[in-house]
There are 2 protein chains.
Amino acid sequence: MTGRSDWSSHVHAVLAGAGFRRGGARERVIDLLAGESCALSAVEIEDALRAKGRPTGRASIYRVLELLGEHDLVERVEVGDGVARFEPAHPGGEHHHHLVCDRCGRLVAFDDPGLERAIGRLSDRLGMRVDHHEVVLRGSCETCG
Amino acid sequence: MTGRSDWSSHVHAVLAGAGFRRGGARERVIDLLAGESCALSAVEIEDALRAKGRPTGRASIYRVLELLGEHDLVERVEVGDGVARFEPAHPGGEHHHHLVCDRCGRLVAFDDPGLERAIGRLSDRLGMRVDHHEVVLRGSCETCG
DNA sequence: GCGATAACGAGACTCAATCTCATTTCATGG
DNA sequence: CCATGAAATGAGATTGAGTCTCGTTATCGC
Ligand SMILES: [Zn+2]
Ligand SMILES: [Zn+2]
Ligand SMILES: [Zn+2]
Ligand SMILES: [Zn+2]
């Protein structure tokens with residue numbers, strides 16, 4: 001179980017190691033994401049930071065998310081509503097996938113070792129390098145029955 | 001193995017059965033998709049139809065795709081470039097998933113019974129209704145090695 | 001044919017995401 | 001401690017996929 005501040009220090013270590021300076025916007029975005037276990041959109045991040053009295057430019061938010069993505073520090077989640085969401089990516093590779101409720105739009109996280117094994121075997125069989133995978137289930141969440 | 005014109009007649013049967021009239025734009029989009037085995041974006045459809053001398057309004061293309069989607073006649077494919085793509089959905093439920101090449105952006109289709117079984121077992125375990133699933137792998141295609 | 005109404009399409013509009021560029025902040029070494 | 005060059009930031013303009021509006025056109029049951 002990888003904790004929140006764990007992720008934050010990992011992020012800082014990776015970025016410092018890659019020679020990046022520090023900056024206010026980057027710290028604010030990382031702080032916010034470190035307190036989230038599931039995905040936020042760039043607009044949600046912008047709103048959340050403004051609400052916390054830490055307003056941050058849109059361009060900076062997208063830049064930070066792009067940088068984190070390039071270093072495999074965030075996971076990009078797309079569920080088909082035209083908005084990209086981002087969640088902390090843990091160094092050990094442990095991750096979850098999402099079920100989207102077609103009624104209320106809620107995101108439900110899950111993980112499944114059987115699914116991961118199947119994807120691993122599939123990747124071997126394909127004979128191409130597979131770096132990453134995304135799985136989205138659609139259905140109804142518990143609330144919407 | 002479901003053929004192209006097979007899909008087209010299936011589409012017409014379903015839509016006629018649901019009481020929809022025919023119309024030029026709808027026919028043109030269905031004809032075009034029937035000749036494709038993998039996914040096209042709305043813009044690609046618009047361009048392809050114009051290039052074929054069958055120009056079709058953007059609003060109509062999106063309306064047709066939405067209608068086909070509501071009746072499970074097309075599959076919506078999102079690979080994270082901010083564009084939705086659409087491909088024929090076959091009535092038997094047979095389908096494929098996609099690997100996206102991070103270098104050239106190419107889409108490579110694949111299917112894998114083991115993956116489908118794992119998703120089936122997972123759906124049962126979750127205890128929620130799961131209607132649909134999407135899997136996207138990222139890596140390099142054969143050309144980009 | 002006629003009429004009711006479904007289907008269509010030009011173009012305005014929305015909004016997430018990107019781009020520009022002037023300003024601010026950082027790290028370093030003098 | 002300050003000067004300096006580079007990196008980081010952010011306000012605002014811009015892009016472009018996707019949606020909406022509404023007047024026109026086509027379909028089909030009669
Ligand atoms: Zn999540
Ligand atoms: Zn996984
Ligand atoms: Zn495909
Ligand atoms: Zn499948």
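Excluded from the calculations below are hydrogen atoms, water molecules and symmetry mates; all remaining heavy atoms, backbone and side chain alike, are included. Convention: sequence-line order gives letters A, B, ...; per-chain numbering from 1.
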- Establish, from distance only, whether the side-chain atoms of A:Arg103 and A:Ser140 form a donor-acceptor pair under 3.5 Å. no
- Message: Can a side-chain donor-acceptor contact be found between A:Glu116 and A:His133 if the only test is distance below 3.5 angstrom?
- Response: yes
Reckon [X] has a side-chain N or O less than 4.0 Å from the OP1 or OP2 of [N]?
X	N	answer
A:Tyr62	C:dA17	yes
B:Ser60	C:dG9	yes
B:Arg28	C:dG9	yes

- Between B:Glu134 and B:Arg76, is there a side-chain N and carboxylate O pair less than 4.0 Å apart? no
- Query: Looking at A:Arg121 and A:Asp124, does any basic side-chain N land under 4.0 Å from a carboxylate oxygen?
  - Reply: no
Over all heavy atoms of both residues, which pair between [X] and [Y] is shortest? Give the atoms and the distance, please.
X	Y	answer
B:Asp111	B:His95	CB-O, 3.8 Å
A:Gly105	A:Val100	O-CG1, 4.3 Å
A:Asp131	B:Gly139	OD2-CA, 3.8 Å
B:Leu65	B:Val74	O-CG2, 3.9 Å
B:Pro88	B:Trp7	CB-CE2, 3.5 Å

- Item | Rounded (10°) bend between the five-pair end axes of the helix from C:dG1-D:dC30 to C:dG30-D:dC1 | 30°
- Message: If you define the side chain from C-beta out and look only at heavy atoms, does anything of B:His10 sit under 4.5 Å from B:Asp6?
- Response: no
- Task: Round to the nearest Å and state the distance from A:Ile45 atom CD1 to C:dA17 atom C1'.
- Result: 13 Å
- Note on the structure: Rounded to whole Å, the CZ-C1' distance (A:Phe20 to D:dA6) equals 13 Å
- Message: Nearest 0.5 angstrom please: B:Leu40 CG to B:Ile61 CD1, how far?
- Response: 10.5 Å
When we call it a touch if two heavy atoms are under 4.0 Å apart, what does [X] touch: a base, just sugar-phosphate, or nothing?
X	value
A:Arg58	base
A:Thr56	sugar-phosphate
B:Ala59	base

- Task: Strictly below 4.0 Å, heavy-atom distances to any atom of DNA chain C: list the hits from residues 63-87 of chain A, or just say none.
- Result: A:Gly82, A:Val83, A:Ala84
- How does each nucleotide of nucleotides 23-30 of chain C score, in 5' to 3' order, for protein heavy atoms under 4.0 Å: base (B), sugar-phosphate only (S), or none (-)? ---BS---
